[in-house]
Amino acid sequence: MGVKHLWDILDSCKKTLPLEHLRDKRVCIDLSCWIVQLQNVNKSHCSIKDKVYLRGLFHRLRALLALNCTIILVADGAIPAIKLSTYRRRLNLENKVSQDETDSDKASSLQRNMGSGFSGMIKEANILGMALGIPCIISLEEAEAQCALLNSESLCDGCFTSDSDIFLFGARTVYRDICLGEGGYVVCYEMNDIETKLGFGRNSLITLALLLGSDYTPGVHKLGQEAACQIVKSIGECNVLQRVASEGLSFANKPKGSKKQNHALRHINKENCSHIINKNGPVHQLQNKNPYLTVIEAYLRPKCHSADSSVVQRALGVLSFDRLKLQNICARYFDWPPEKTDEYILPKIAERKLRQFAKLRSTSSALGVRLPLDKMPVRCPLLDIIKHRKVLGRDSFEVSWEHIDGLQTSVVPADLIECACPEKIVEFEEKRALAKKQNTRKPRVKRSEKGAPIREIEKKLQDLLLDIENEHIATQKAVLYRQSVTDKTSDLTEVGHTNQGLPLGTKSKSDLERVDAVYKSSALALQQAEVVDLLSPSPPMRVRNVPKCQEDNVPHIPNVEKCQEAKVPCAEFIDLSDTENEASPAHAIKARELRAFLNSIKGQL
């Protein structure tokens with residue numbers, strides 16, 4: 001919990017920073033706070049059974065690894081003696097508090113129940129972190145106190161926790177919340193902003209804890225946060241703990257003094273403020289001991305692993321990522337196949353290696369050593385750039401990796417490659433320019449030319465229809481010519497039979513003119529041959545009379561009139577003309593060609 005209402009008091013100092021702000025930073029994580037946050041997302045039994053909290057922790061850690069964050073997990077140790085009453089109250093065990101536990105001088109810290117369900121969650125998180133190459137420190141008592149010590153000693157750049165009392169332990173940079181995904185961010189509080197905007201230092205925050213209440217003290221009854229802030233500001237940062245040590249919290253119930261008195265109080269013994277409260281030491285020169293000194297001592301001198309201890313130094317070392325162990329853990333906790341685990345974590349591990357390489361190059365350049373890519377002491381993990389990509393509106397590249405087992409390609413932000421190995425981008429652009437020159441593909445059709453293929457298809461269709469029409473006209477001409485020749489021959493025969501008794505010189509002029517008229521009518525018929533449309537209906541059937549004698553194989557009678565004179569009956573039948581016998585197959589062939597052509601151009605239209 002921390003100090004009551006302290007997050008509300010510090011709200012004006014809150015900053016929302018992009019997730020990229022954590023790049024290349026070393027951060028400490030209060031593991032208990034993160035597990036509680038992730039568990040509160042879904043408090044059902046299914047969430048515990050399906051390890052939802054552990055899965056959320058996995059995704060948070062992999063996001064920080066991709067930013068090349070150096071992560072240290074910190075877990076709670078024993079329960080401080082001063083916190084036992086609060087701990088019992090939270091577990092509804094007030095009736096089990098012993099007399100020694102109520103007496104802070106006789107009470108001692110209590111070891112946590114390592115067999116509890118929550119302790120089991122912490123143990124699973126520790127196992128997952130070790131597989132990812134993330135160390136874990138088990139604090140002596142409070143995890144936030146250990147994180148604050150590492151931050152105040154500049155062994156980490158910031159602390160992740162939701163307990164506001166971390167500022168009272170001496171932390172300078174605190175990240176309260178983290179959001180992943182598109183537009184990821186962190187909520188950050190800086191102690192410098194708190195001192196500048198609110199005028200509260202570490203001593204003032206400890207006094208606010210005494211007035212408002214915290215894990216270590218119940219606070220003053222019916223005292224609001226605004227009144228408490230006014231009281232602390234009226235006394236001042238340097239004198240506030242001295243007043244608490246000398247008077248207790250009785251000054252909180254006194255009426256407010258005048259502005260001149262408040263101004264004088266802020267300057268009392270300002271020169272001697274440094275020896276009243278030692279940063280990491282006990283409270284000195286306090287005449288009357290009171291119960292609040294234990295609380296002040298707990299915040300100023302928490303039980304933690306020192307910065308030079310073996311536990312801290314081991315956590316500051318580099319652990320390697322264990323791919324096989326992580327696959328086994330994810331298979332046991334999440335039922336993930338090895339391929340799914342690799343898909344989640346390997347691209348992030350590769351991105352972290354590339355960021356480490358970029359940091360090495362930038363550091364060497366800052367020192368005046370600018371080595372080419374092939375002269376670097378560490379080999380670049382990026383092998384080649386495959387193609388340009390756009391991910392969530394951000395320029396990226398699909399790249400191939402070298403010496404990363406199980407990962408061939410992944411997508412990396414373009415700015416990261418620009419920092420790590422700009423030579424690869426230049427090489428990629430040169431290859432792409434060369435490929436464009438050698439490309440023999442047809443140019444794309446412009447919008448203004450999109451109608452050209454359609455016009456070509458229409459022209460081909462008109463030509464095909466014209467060919468069909470010309471062939472049909474030629475066939476009609478041939479048929480008409482044969483019919484005219486036949487009719488002319490029959491007429492000449494008739495004329496010959498009529499005048500066969502006359503000599504050639506005695507033939508009448510009218511007969512010759514008749515023959516000439518027959519020839520002229522045949523030629524005119526050929527010239528005026530009608531063009532038949534394929535889509536028009538078939539011509540009507542022609543019926544002619546056939547002498548009965550032809551059916552009975554009787555001698556041929558030249559014309560119908562003679563048959564009628566001979567009283568020979570004529571039979572009617574349908575004449576299958578040469579046009580139907582000879583033109584129909586050609587039409588069928590052309591129709592098939594037309595249908596095939598139309599089917600071939602359907603896709604183009």
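Starting from 1, each residue takes its place in the sequence as its number. Predicted model only: the values in this text are computed from it and were never measured.
Considering only residues two or more places apart in sequence or on other chains, D395 meets the salt bridge (charged side-chain N to carboxylate O under 4.0 Å, His left out) condition with K390. For D157, there are no salt bridge (charged side-chain N to carboxylate O under 4.0 Å, His left out) partners two or more places apart in sequence or in a different chain. Considering only residues two or more places apart in sequence or on other chains, F321 meets the ring pair (Phe, Tyr, Trp, His ring centres under 6.0 Å) condition with none of them.
A salt bridge between E190 and R176 is absent, with no side-chain N of the basic residue lying under 4.0 Å from a carboxylate O of the acidic one. Under a 4.0 Å N-O distance rule, the pair E343/K340 does not qualify as a salt bridge. Contact check on D342 versus R323 returns a salt bridge, with a Lys/Arg side-chain nitrogen under 4.0 Å from an Asp/Glu carboxylate oxygen. Using a 4.0 Å cut-off between a side-chain N of Lys or Arg and a carboxylate O of Asp or Glu, R172 and E195 qualify as a salt bridge. Between K83 and E142 there is a salt bridge, with a side-chain nitrogen of the basic residue lying less than 4.0 Å from a carboxylate oxygen of the acidic one.
Proximity of a side-chain donor or acceptor of S234 to a complementary backbone N or O of I231 within less than 3.5 Å is detected. The backbone N or O of A307 lies less than 3.5 Å from no partner atom in the side chain of E153, so there is not a single donor-acceptor pair. Using a distance-only test at 3.5 Å, with no hydrogens or angles considered, no donor-acceptor pair links the side chain of N126 to the main chain of I122. Proximity of a side-chain donor or acceptor of T207 to a complementary backbone N or O of N203 within less than 3.5 Å is detected.
Defined by atom type and a distance below 3.5 Å, a donor-acceptor pair is missing between the side-chain atoms of T409 and W401. Side-chain contact annotation: Q37 with R60, donor-acceptor N/O pair under 3.5 Å present. Looking at S119 and S116, their side chains do bring a donor and an acceptor atom within 3.5 Å of each other. No side-chain donor-acceptor contact under 3.5 Å links D165 and S214. Checking E144 against T161 by side-chain atom types alone, no donor-acceptor pair falls below 3.5 Å.
By the 4.5 Å heavy-atom criterion applied to side chains, L38 and L57 are counted as neighbours. Contact check for W7 versus K14: no side-chain heavy atoms found under the 4.5 Å cut-off. Between L10 and S164 the shortest side-chain heavy-atom distance does not fall below 4.5 Å. Proximity of S306 to V312: side-chain heavy atoms (C-beta onward) are nowhere separated by under 4.5 Å. Residues F357 and P381 meet the side-chain proximity criterion, which asks for heavy atoms closer than 4.5 Å. Residues F334 and Y344 form no side-chain contact, since every pair of their non-hydrogen atoms from C-beta on lies 4.5 Å or further apart. Proximity of P413 to E351: side-chain heavy atoms (C-beta onward) are separated by under 4.5 Å at one or more points. With contacts defined as side-chain heavy-atom distances shorter than 4.5 Å, the pair I29/L64 qualifies.
Once rounded to the nearest 0.5 Å, the distance linking CD1 of I206 with CG of L211 reads 12.0 Å. Taking CZ of R26 as the reference point, atom SG of C156 lies at 8.5 Å (rounded to 0.5 Å). Distance check, rounded to the nearest 0.5 Å: SG of C330 to CG of D335 gives 10.5 Å. Taking CD of Q356 as the reference point, atom CG of N68 lies at 4.5 Å (rounded to 0.5 Å).
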Check your understanding: Given the rule in the side-chain contact (heavy atoms from CB on, under 4.5 Å) test, do M191 and L205 qualify, once you have shown the distances and angles that lead to the verdict?
Key -> CA-CA 11 Å; M191 194 63 189; L205 295 178; 3.6 Å; yes
Practice item. Take R361 and E418 through the salt bridge (charged side-chain N to carboxylate O under 4.0 Å, His left out) test and state the conclusion after the steps. Key: CA-CA 11 Å; R361 294 200 77 178; E418 183 67 31; over 6 Å; no
Exercise for review: Output, in order, the C-alpha distance, side-chain angles, deciding distance and verdict of side-chain hydrogen bond (donor to acceptor under 3.5 Å, both in side chains) for T341 and Q327.
Suggested key: CA-CA 6 Å; T341 303; Q327 289 177 350; over 6 Å; no
Practice item. Please assess Q225 against D8 for the test side-chain contact (heavy atoms from CB on, under 4.5 Å), listing each intermediate value before the final yes or no. Key: CA-CA 9 Å; Q225 63 186 45; D8 297 332; 4.2 Å; yes
**Study point:** Residues L150, L316; criterion side-chain contact (heavy atoms from CB on, under 4.5 Å); working and verdict
**Key:** CA-CA 10 Å; L150 296 176; L316 296 176; 5.7 Å; no
Exercise for review: Could you walk me through whether L140 and H305 pass side-chain contact (heavy atoms from CB on, under 4.5 Å), step by step?
Suggested key: CA-CA 7 Å; L140 293 178; H305 296 289; 3.5 Å; yes
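Closest approach of F169 to A298, counting heavy atoms only: CE2-O, 3.6 Å. The shortest non-hydrogen separation linking I134 to I71 is CG2-O, 3.5 Å. Heavy atoms only, all atoms of each residue included: C147 and I166 are closest at CB-CD1, 4.2 Å. Heavy-atom minimum distance, D163 versus D30: OD2-OD2, 3.9 Å. Listed here is the closest heavy atom pair of L210 and V295: CD2-CG1, 3.5 Å. S85 and I82 get closest at one heavy-atom pair: OG-O, 4.4 Å.
Heavy atoms from other residues, nucleotides or ligands lying under 6.0 Å from NZ of K15 number more than 12.
For an aromatic pair to be called close, the ring centres must be under 6.0 Å apart, and F428 with F397 satisfies this. Taking the six-membered ring where the residue is Trp, the centroids of Y299 and Y216 are separated by under 6.0 Å. Between H21 and Y185, the gap from one ring centroid to the other reaches at least 6.0 Å.
Taking the centre and axis of the six-membered ring of F200, the NZ or CZ atom of K233 falls inside the cone set by 45° and 6.0 Å.
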